[in-house]
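For reference, the structure discussed in these notes is given below.
Start at 1 and go down the list; that is how both ligands and their atoms are numbered. For the numbers below, each heavy atom of this structure counts, side chains included, while hydrogens, waters and symmetry mates do not.
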Amino acid sequence: MTDFSQHSLLIANRGEIALRILRAGRRLGMRVICIHSEADRGAPYLALADQAICVGPAPAAQSYLNIPAILAAARLTGATMVHPGYGFLSENAEFAQAVTEAGLIFVGPSAAAMRIMGDKISAKTAMIAAGVPCVPGPDTALPEDPGSYAAIADAVGYPVIIKAAGGGGGRGMRVVHAPEALTAAAMLTRQEAGRFFGTDAIYMEKFLQTPRHVEIQVLADQQGTALWLGDRDCSMQRRHQKVIEEAPAPGIDRALVAEVGARCAQACRDIGYVGAGTFEFLYEDGQFYFIEMNTRIQVEHPVTEMTSGLDILALQIRVAAGAPLRLTQSAVAMQGHAIECRINAEDPASFTPAPGVISALHLPGGPGIRVDSHVTAGYRIPASYDSMIGKVIAHGATRAEALARLRAAMDELQITGVATNVPLHQQLLREPGFVAGGVSIHHMEQWLAQTGAADAG
Ligand code: MV4
């Protein structure tokens, strides 16, 4: 039995996820330490920690991304574990390695596993070997010489997409519709890749035109147990920023999801993956296609917590410390449906961040409602970080019930003093396409273009 009262958890993040990690640490009986920047000095959640320590000025590069400062904070406070949250250093293999080499436990997979998944080509190779279905296209980098590209694209079939091996999350990719455009697109993508990702390796896939974004949550321990915890649909997005997520993905054959889920769990065993992770897929015409794996806890993990009844954060910390999962796949029983709205402080017309002071706040509640947020009345949203200030999640026995609860919750939520996307959510939750379920990744942008609805909100 791992005794968590002997462990001290350093939270290398900020905002709502810092508070979520703090709560998980407390549930396990741990001492918790928060780092913060100068801009977050007065953040209310810092008072809940046993210790709070400033690691640098407001710009993330000097604070939440400052590896030496964070390691010094861990040493000074006697931390034994480090949780990176999402964003910032969460998928930085050098950070994971530095934490481990400092004799501390990194809450996440090994640096080696992070490196395999960080390179989208080696990730794809590993997934093909594990029997996870991938997007058609070579699972190798394109050669330096563009002479062979046309033949490769012909075999894949147009349209194709050129992606940077070091990219991901929507960065470093280019769609090609005809052979004339192929070489220039590949050379441009390679050039950008070299500049932004430190490797100029690129690869080619068939471009799927109207897919859905469906992902599988996994959780694996150090004893060889790997579980999949259902699926999530994250297709409601704008410019690669997810807006609404739900679990399960509506209208997809459950037997197919179970087959893909089992392959993901097997892939974890094959590569020795430990911790929480997410396999991202495109789903089109009844088939799943792997695109990349995220080696961190994700923003949208609460919809899976609500349908599985599991505390994924606590389990993620437990397995990092070497505790066994003591859970079998057949004991994982997903129940009902959950939907999450990401709450952003942003201008409703331009979607640009709207920092400022929250003058008054009323949060929704009641059966099936969960709010994950660090903000309070009087809280100043700093300008230095992203605009997400929390999440409202609704669970119900059915999708219709979850949706009805979420509509009522978003109508009840009041945030004054700063502009937010709450009015946008109120419209989206009544939009016929979303209400019907199963929209593509282009749906929200098409809806915005047609209605200009956000401007009216
Ligand atoms: C694709 C694709 C279509 N076909 N790959 C964008 C982010 C990165 N994770 C992968 N992305 C895509 N890869 C093939 N072969 C379309 C996208 C894509 C997308 C994917 C998920 C969620 C939103 C998206 C928005 C635009 C494009």
Would you say the side-chain atoms of [X] and [Y] include a donor-acceptor pair closer than 3.5 Å?
X      : Y      : result
Thr278 : Arg232 : yes
Arg269 : Gln266 : yes
Glu91  : Thr295 : yes

Proximal candidate to atom 20 (C) of ligand 1 [heavy atom criterion; set Val214, Leu282, Ile161]: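 It is Leu282 whose heavy atom sits nearest to atom 20 (C) of ligand 1.
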
Got the closest protein heavy atom to [atom], with its distance?
atom                    : result
atom 7 (C) of ligand 1  : Gly170 N, 3.1 Å
atom 21 (C) of ligand 1 : His213 ND1, 3.7 Å
atom 19 (C) of ligand 1 : Ile441 CD1, 3.5 Å
atom 4 (N) of ligand 1  : Leu208 N, 3.0 Å
atom 17 (C) of ligand 1 : Met173 CE, 4.1 Å

So if I count the atoms of ligand 1 from 1 in the order they appear, which ones are less than 4.0 Å from some heavy atom of [X]?
X      : answer
His240 : 6 (C), 7 (C), 24 (C), 25 (C), 26 (C), 27 (C)
Lys206 : 4 (N), 14 (C), 15 (N)
Lys163 : 1 (C), 5 (N), 10 (C), 13 (N), 14 (C)
Glu292 : 8 (C), 9 (N)
Glu280 : 9 (N)
Val135 : 15 (N)

Close approach of His442 to ligand 1, heavy atoms, under 4.0 angstrom: no

Pair [X] + [Y]: basic N to acidic O under 4.0 Å:
X      : Y      : result
Arg342 : Asp386 : no
Glu300 : Lys391 : no
Glu215 : Lys242 : yes
Glu94  : Arg115 : yes
Lys163 : Glu205 : yes

Phe207 N/O to ligand 1 N/O under 3.5 Å: no

Step-by-step ring pair (Phe, Tyr, Trp, His ring centres under 6.0 Å) determination, His301 to Tyr86: CA-CA 11 Å; His301 76 275; Tyr86 53 66; 8.0 Å; no

